[in-house]
Amino acid sequence: MRLIISEKANAAKKIAQFLAEGKVKEGKHRAVPHHTFDWKGEETVSIGLKGHILNPEYPEEYSNWQKVEPSELIDAEILKPVSEKGVAAAIKSLAKKADSVIVATDYDREGELIGVEALSIVFEAKPELADSVKRSRFSALTKGEVTRAFDELVEVSHDLADAGEARQDIDLIWGATLTRWVSRATKRYGSAFLSVGRVQSPTLVLIAERELERRAFKPEPYWEIEATLKNGGDPFKVAHRHGRFKDEGEAQAALSNLKETARVVEVRQKAATRPAPAPFNTTSFLTAAASLGIGPSRAARIAEDLYTDGYISYPRTDNTVYPASLDLREVLTVLKGVEEVGETAGALLAKGELKPTRGKKETTDHPPIYPTGYVSKAALRDDQWKIYQLVVRRFLATLSEPSKSLRTTLNFDSGGEGLTTGGTVITEEGWLGVYPYSRRADEEIPNLGEGDVVNVVEKELLAKETQPPGRYGQGRLLNVMEDLGLGTKATRPNIIQNLYDRGYVHSDPIIPTEKGISVAQGLKEFAAEIASHEMTAKLERSMDDISEGKTDKRAVVDESRDLLREVYKHLDSAEEQFSDIVWRGIRSDETLGKCPESGHNLIVRRNRRSRKRFVGCEGYPDCTVTYPLPQKGSIIPTGTTCEECGSPEIKVLGGRRPWITCIDMDCPKKQEQMKAAEEARKAREGEEAAKDAGKANAENEAERPSEVSEVASDAAKSSNGNSGNGEEPREKLASSGTRAS
DNA sequence: GCAAGGTC
């Protein structure tokens with residue numbers, strides 16, 4: 001028997017279908033499916049893995065974070081225990097019956113490594129198979145390409161797999177060593193640990209530096225002139241053609257020059273064509289989902305579900321060009337029944353020739369993301385339907401005509417000053433008809449001709465300020481990461497999600513916490529290598545060298561170890577400084593404002609016995625002011641105070657959506673807010689989703705601490721000498737995320 | 001309780 005091992009269940013199934021001479025028999029071993037068929041006259045079994053089935057790990061004796069010196073991890077042995085027990089068992093049982101093995105995992109570096117991992121399991125079961133291994137390299141899961149690859153079997157590339165293993169080892173060595181060092185230096189153990197990694201840390205640095213840029217930004221004043229004109233019809237607004245005035249006097253002068261009428265001196269029209277968008281690859285798909293309010297991590301999860309259910313194609317691809325083998329008409333036929341867009345699919349089918357758009361990136365591993373099956377709205381959750389619709393509409397858009405618009409500009413003269421307005425109207429909607437996400441609202445402008453005179457009914461000088469650079473949205477960050485080579489299409493959503501889960505960032509657009517900023521700063525200052533995306537670029541070059549046989553895994557990993565030893569030495573010599581920087585950040589995150597009675601800082605504390613959190617005064621025991629806190633979700637200081645009662649406001653994350661509230665339960669505004677929330681809850685109860693909503697709300701109810709006298713000593717210790725640095729910049733932080741319910 | 005990379 002011949003055993004074919006591929007990377008995932010779906011690939012195993014397709015390979016069986018493509019190669020089978022006759023029927024395919026389905027079987028299962030411990031919930032792992034395999035497919036039995038005849039190929040070239042021999043019984044053949046095809047089985048799929050679940051990606052990596054081994055996960056590198058340090059031996060048991062290194063497991064105590066507090067007892068083991070982190071530097072010991074630099075040279076410690078790395079084990080590769082099985083992480084997918086069921087798959088390993090299935091492989092073993094089939095390997096015992098096999099006479100030869102064909103590795104058919106994805107045709108890339110990680111795929112080669114995954115194949116070699118599987119082989120290690122195969123040889124455990126039957127060592128003599130070592131002489132009977134071949135590799136099938138196909139670049140697309142199509143019948144033609146798969147049969148070709150199985151007719152031209154090659155050898156497994158151990159160099160390529162070694163390159164992947166070097167990446168694995170280096171990531172674990174650096175990640176574990178520095179994560180433990182940073183956690184120990186700051187005494188953050190258990191779930192409070194602070195993580196460090198080749199991809200996450202440079203990503204955090206990007207976010208933190210942008211925030212610091214915003215804080216350092218000095219807004220510059222400028223003035224704009226806005227006038228309202230009327231010609232019998234609706235009044236409309238125009239701007240001064242000069243745009244921004246840097247000098248107020250100049251702007252004032254221009255404003256006073258304006259007369260009571262304005263004359264049209266020019267009407268300009270310009271037609272524009274917007275080509276239809278390119279087919280979706282992972283990044284463009286996740287970016288589009290992010291603009292719909294579904295973050296990359298959730299969007300990737302939903303896409304995965306839709307893929308396993310057969311509604312969309314494989315969601316991890318770099319390709320933006322439909323392969324010739326993809327039958328576009330067949331896809332359209334399937335889509336004819338889809339709610340809201342079926343008609344568009346039908347209309348496209350009626351066209352003679354289909355000319356899909358093409359993106360810049362063309363790879364052959366997988367097709368771009370497109371719909372593969374019909375599903376009704378009722379069969380999906382709301383967010384799943386949104387994503388399915390997005391994929392369906394994008395597919396239809398790529399087959400649609402360009403959209404055409406007309407831009408009209410009206411220029412006026414009033415007292416020698418130039419005024420202008422303009423608007424764009426879509427003349428042929430083309431692809432925008434089926435893909436409305438990219439649509440901008442039409443801007444109607446009055447129908448005027450050259451020489452027409454209209455009244456100036458209002459004129460105004462607008463005082464404005466230049467704005468700091470914007471924060472990264474999740475979609476934008478995803479693209480920047482890709483440009484810098486950070487992470488892969490499959491991991492970037494997880495990396496971003498990790499930053500949230502570690503309490504390094506919150507909200508969207510992404511705001512770093514003070515802890516996140518201080519960890520980024522500490523790493524940048526004392527362990528610059530791990531804080532820069534250059535490390536990834538260098539690693540990529542080394543991996544190419546390994547796979548080309550120019551060097552070997554051992555040399556590359558050892559060189560990396562040497563570098564880490566240097567970095568570690570430097571970091572270790574600055575332990576106190578590093579810890580101070582990070583603790584300033586952590587304390588700042590926990591400092592919510594000033595105590596109304598003693599003027600000390602109000603900080604987040606935990607009751608020693610119940611572990612429940614509350615707000616306590618730093619002046620304790622002299623000052624015993626406390627406030628209750630919601631026990632669920634993250635508490636983010638806003639730096640603002642309640643306009644009603646003057647007590648500090650906080651942002652609470654983790655419920656349905658972030659909310660902002662003051663911490664005083666007796667505040668009338670707060671009472672009202674809670675009453676409104678209660679009513680909203682009752683209103684929701686009638687609906688389908690009422691159960692969940694009620695629970696989330698109840699969990700957000702604040703409680704008073706029961707034993708105020710038992711203020712936790714560790715919390716008190718941590719606040720020693722805390723002056724807090726959260727005052728000045730916070731104003732800006734607060735303004736962005738206000739979405740109080 | 002470490003990372004990043006696959007896939008579910």
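Proteins get letters first, then strands, A, B, ... in listed order; numbering begins at 1 in each. These numbers were taken from a predicted model, which means no experiment stands behind them.
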ask   = Quick one: is B:dC2 close enough that its OP1 or OP2 comes under 4.0 Å of any side-chain N or O from A:R502?
value = yes

query = Among the nucleotides B:dC2, B:dG6, B:dC8, which one has an atom lying closest to any side-chain atom of A:I114?
reply = B:dG6

request  = Pick base, sugar-phosphate or nothing for A:T491, based on heavy-atom distances below 4.0 Å to the nucleic acid.
outcome  = base

query = If you find the nucleotide of DNA chain B closest to A:L54 and the one closest to A:Y189, which residue's nucleotide is nearer the 5' end?
reply = A:Y189

note = Out of B:dC2, B:dT7, B:dG5, minimum distance to the side chain of A:I495 belongs to B:dG5

inquiry  = If the threshold is 4.0 Å, N to carboxylate O, is there a salt bridge linking A:K67 and A:E72?
reply    = no

task = Taking only the side-chain heavy atoms of A:L73 (C-beta and beyond), determine which of B:dC2, B:dG5, B:dC8 contains the nearest atom.
result = B:dC2

task = Could you check whether A:E84 gets within reach of a base, just the sugar-phosphate, or nothing at all, counting any heavy atom under 4.0 Å?
result = base

message = Counting the atoms with a prime plus P, OP1 and OP2 as sugar-phosphate, which does A:N55 contact under 4.0 Å by heavy atoms, base, sugar-phosphate, or nothing?
response = base

query = With the threshold set at 4.0 Å, does a side-chain nitrogen-carboxylate oxygen contact exist between A:K550 and A:D544?
reply = no

ask   = Can you list, by residue number, the residues of residues 161-175 of chain A that have a non-hydrogen atom closer than 4.0 angstrom to DNA chain B?
value = A:R167, A:Q168, A:D171, A:L172, A:G175

query = Counting any heavy atom closer than 4.0 Å, what does A:Y314 reach on the DNA or RNA strands: base, sugar-phosphate only, or nothing?
reply = sugar-phosphate

Below 4.0 Å: OP1/OP2 of B:dG6 and any side-chain N or O of A:R109 = no

ask   = Could you give all pairs that pass the salt bridge (Lys or Arg N to Asp or Glu O under 4.0 Å) test and reach residues 155-173 of chain A, with sequence neighbours left out?
value = A:K80-A:E165, A:K80-A:D169, A:E110-A:R167, A:K134-A:E155, A:E165-A:K553, A:R167-A:D171, A:D169-A:K553, A:D171-A:R198

inquiry  = Salt bridge or not between A:D106 and A:K8? Use side-chain N to carboxylate O under 4.0 Å.
reply    = yes

task = Using a 4.0 Å heavy-atom cut-off across all strands, classify A:G487 as base, sugar-phosphate, or nothing.
result = sugar-phosphate

request  = Check every strand shown and say whether A:T177 touches a base, only sugar-phosphate, or nothing at a heavy-atom separation below 4.0 Å.
outcome  = nothing

query = Does a side-chain N-to-carboxylate-O contact under 4.0 Å join A:K50 and A:E7?
reply = no

ask   = Base, sugar-phosphate alone, or nothing: which one does A:R180 contact when heavy atoms must sit under 4.0 Å apart?
value = base

message = Just to be sure I understand the rule, does A:P70 reach a base, reach only the sugar-phosphate, or reach nothing, if contact means heavy atoms closer than 4.0 Å?
response = nothing

request  = Please state how far atom CD in A:E57 lies from atom P in B:dG5, giving the value in whole angstrom units.
outcome  = 19 Å

inquiry  = Quick check: A:Y388 with A:Y374 (ring centres under 6.0 Å apart)?
reply    = no

inquiry  = Counting only side-chain nitrogens and oxygens, does A:T488 get under 4.0 Å of the OP1 or OP2 atom of B:dG6?
reply    = yes

inquiry  = Does A:A192 reach a base, just sugar-phosphate, or nothing at all? Heavy atoms under 4.0 Å.
reply    = nothing

ask   = So, is A:Y307 close to the B:dT7 phosphate, meaning a side-chain N or O under 4.0 Å from OP1 or OP2?
value = no

message = Taking the ring centre of each residue, are A:Y307 and A:Y314 less than 6.0 Å apart?
response = yes

inquiry  = Between the side chains of A:R554 and A:D558, is the shortest nitrogen-to-carboxylate-oxygen separation below 4.0 Å, so that they form an ion pair?
reply    = yes

ask   = Taking the nucleotide of DNA chain B with the closest heavy atom to each, which residue, A:Q200 or A:Q66, is nearer the 5' end?
value = A:Q66

ask   = Counting side-chain heavy atoms from CB outward, which of B:dG1, B:dG5, B:dC8 is closest to A:F193?
value = B:dG1

request  = Would you classify A:K8 as touching base, sugar-phosphate or nothing, given that sugar-phosphate means primed atoms plus P, OP1 and OP2, and contacts are heavy atoms under 4.0 Å?
outcome  = sugar-phosphate

